[in-house]
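Here's the structure, in structure tokens; my notes come after.
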There are 2 protein chains.
Amino acid sequence: MSAEPGTVRPGGRTARVRAAVLRAAGDVLAEQGFDQLDLADIARRAEVGKTTVYRRWGSVTGLVADLLVDMAEQSSPREETGSVLGDLRANASLVQRTLADPRQGALFRAVIAAAACDERTAAALRRFYEVRVDEWAPCVEQAVARGELPAGTDARAVVRAVSAPLYYGLLTSGVVPDAAAAERAARAAHAAAVAGVYVTE
Amino acid sequence: MSAEPGTVRPGGRTARVRAAVLRAAGDVLAEQGFDQLDLADIARRAEVGKTTVYRRWGSVTGLVADLLVDMAEQSSPREETGSVLGDLRANASLVQRTLADPRQGALFRAVIAAAACDERTAAALRRFYEVRVDEWAPCVEQAVARGELPAGTDARAVVRAVSAPLYYGLLTSGVVPDAAAAERAARAAHAAAVAGVYVTE
DNA sequence: AGGGTAACGAAACGGCAGGACCGTTTAACC
DNA sequence: GGTTAAACGGTCCTGCCGTTTCGTTACCCT
């Protein structure tokens, strides 16, 4: 049993091929959604042999899983405004702008759909959001330390609460969130956190 | 241009075939997810000719869209407990139990994934949630009338806020919601509504 | 800098999803 | 109950997705 292709000689051409294929995969996912995905089409766009794509990724979901690993590596740093509400607003705005962007929004919908169909992709998606939530949780922890939120508040739960309504509208009703929706999301999470809804133990 | 098959003679055998196929489709969706869906397999399970499934529904997404129409018709009546928080709890618990049910939960994930790939399916899904939100919005409207929530509160927004975190966890992280999550969802939506986050105009 | 081999790429193959044909059943209307 | 055609269902087939094969390129190590 040999290692996966691309792991022994990951540099040079191999890296270029990976980058080109992932870029093409992102484009096609954003344009068409993941079920109409033809690996041969991606190979053509990436100017790469069809055989290579099948050998290295095997299936559509495998390709999406690798794309998610790539996306998780590009983490956007959090902003700090001095108050929880401001920080949550910044986070909500970031999520909102991401989902409202034609390419990014469609890409996220496609990736989440893919994760619902394949366990490996689901694991990659879970990891992606873990990274994102970990990035922003310190804002809430600092707020607890400053006394703005009750002690014992689950920081990660608050961060997830900000994203939830924005994702929910997009996924279940196709509603692209606007700035007002971001503001509501931030204020709602803040109000709930102040009320002690996310206090554990 | 002739009408869609199944619309001119919707009774008798046609209805039985539709019911059998939709049931089989739900089973397969819940078991395997929608991308591995083979219409011939569904036909076999439903003990129906393969040709019939292809002729009437054409594609996997078309079948899912019809399944959603069928699901929307079976609306579960809302409960009324006398207080907003109680009503929101009842709603959250209903959603939580639905998503936590192995068959129903998997079915919802699959259906949402299908909606991300096809516009007709997305429209059917939107309609499904419109029906559900309309069913529960009166609870919030009555609460506003009773003075429990501020005037001008967007009732539908509050109802959606209850579901959002439960769906968000399931779709992005594969977290099956438990009773505690339902309680948090209800209390969070309530706290935000009381704080006037969902007041419009 | 040169060899060994990991990784790529073109072309040919094959299995199966999805569709076409046509005879059979039966719902709808009188 | 008889007639009409809408809808079903078995069979065959065609096109495409994914795979295999084998020759070529170029990355990595010494």
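Here is how names work: the chains are called A, B, and so on, in the same order as the sequence lines, proteins then strands, and each is numbered from 1. Keep in mind that the numbers below use all heavy atoms, side chains included, and drop hydrogens, waters and symmetry copies.
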Distance-only side-chain donor-acceptor flag, B:Asp87 / B:Thr81, under 3.5 Å
yes
Short side-chain N/O contact to C:dA27 OP1/OP2 from B:Arg16, under 4.0 Å
yes
For a quick test of your reading: what N or O donor-acceptor pairs under 3.5 Å do the side chains of residues 181-197 of chain B make, sequence neighbours left out?
unit_1   : atom_1 : unit_2  : atom_2 : d
B:Glu183 : OE1    : B:Arg89 : NE     : 2.7
B:Glu183 : OE2    : B:Arg89 : NE     : 3.1
B:Glu183 : OE2    : B:Arg89 : NH2    : 3.1

Which is true for A:Arg56 with a 4.0 Å heavy-atom rule: it touches a base, it touches only sugar-phosphate, or it touches nothing?
sugar-phosphate
For D:dA7, does OP1 or OP2 lie under 4.0 Å from any side-chain N or O of B:Thr14?
no
d(CG, A:Leu63; P, D:dC17) in whole Å
16 Å
What is the separation between atom CG on A:Leu39 and atom C1' on D:dG18, rounded to the nearest whole Å?
8 Å
Between the base of D:dT19 and the side chain of A:Arg55, is one N or O donor paired with an acceptor at under 3.5 angstrom?
no
Between the two ends of the helix from C:dA1-D:dT30 to C:dC30-D:dG1, what is the bend in degrees, rounded to 10 degrees, where each end axis spans five pairs?
60°
Please state how far atom CD in A:Gln36 lies from atom C1' in D:dC16, giving the value in whole angstrom units.
15 Å
For a 4.5 angstrom cut-off between non-hydrogen side-chain atoms, does A:Arg56 reach A:Val21?
no
What do you reckon, are the aromatic ring centroids of A:Tyr167 and B:Tyr168 less than 6.0 Å apart?
yes
Quick one: B:Asp41 CG to C:dC16 C1', roughly how many Å, whole number?
13 Å
How about CZ on B:Arg120, more than 12 heavy atoms from neighbouring residues, nucleotides or ligands closer than 6.0 Å, or not?
no
Take atom CD of A:Glu73 as the centre, draw a 6.0 Å sphere, and report whether it contains more than 12 heavy atoms from other residues, nucleotides or ligands.
yes
Quick note, A:Val48 side chain, CB onward, closest among C:dG9, D:dA7, C:dA7 is C:dG9
Between A:Lys50 and B:Val60, name the one whose nearest nucleotide on DNA chain C is closer to the 5' end.
A:Lys50
In whole angstroms, the gap separating P of D:dG18 from CG of A:Asp38 amounts to 6 Å
Sort out for me which residue in B:Arg126, B:Arg132, B:Arg127 forms a salt bridge (Lys or Arg N to Asp or Glu O under 4.0 Å) with B:Glu130.
B:Arg127
Between D:dG9, D:dG18, D:dA7, spot the one nearest the side chain of B:Val8, thanks.
D:dA7
Taking CD from B:Glu47 and P from D:dG10, how many angstroms apart are they, rounded to a whole number?
11 Å
Does D:dT19 have its OP1 or OP2 closer than 4.0 Å to a side-chain nitrogen or oxygen of A:Tyr54?
no
Here the distance between atom P of C:dG9 and atom CZ of A:Arg13, to the nearest Å, is 6 Å
Categorize B:Thr51 for me: base, sugar-phosphate, or nothing, with a 4.0 angstrom heavy-atom threshold over every strand shown.
base
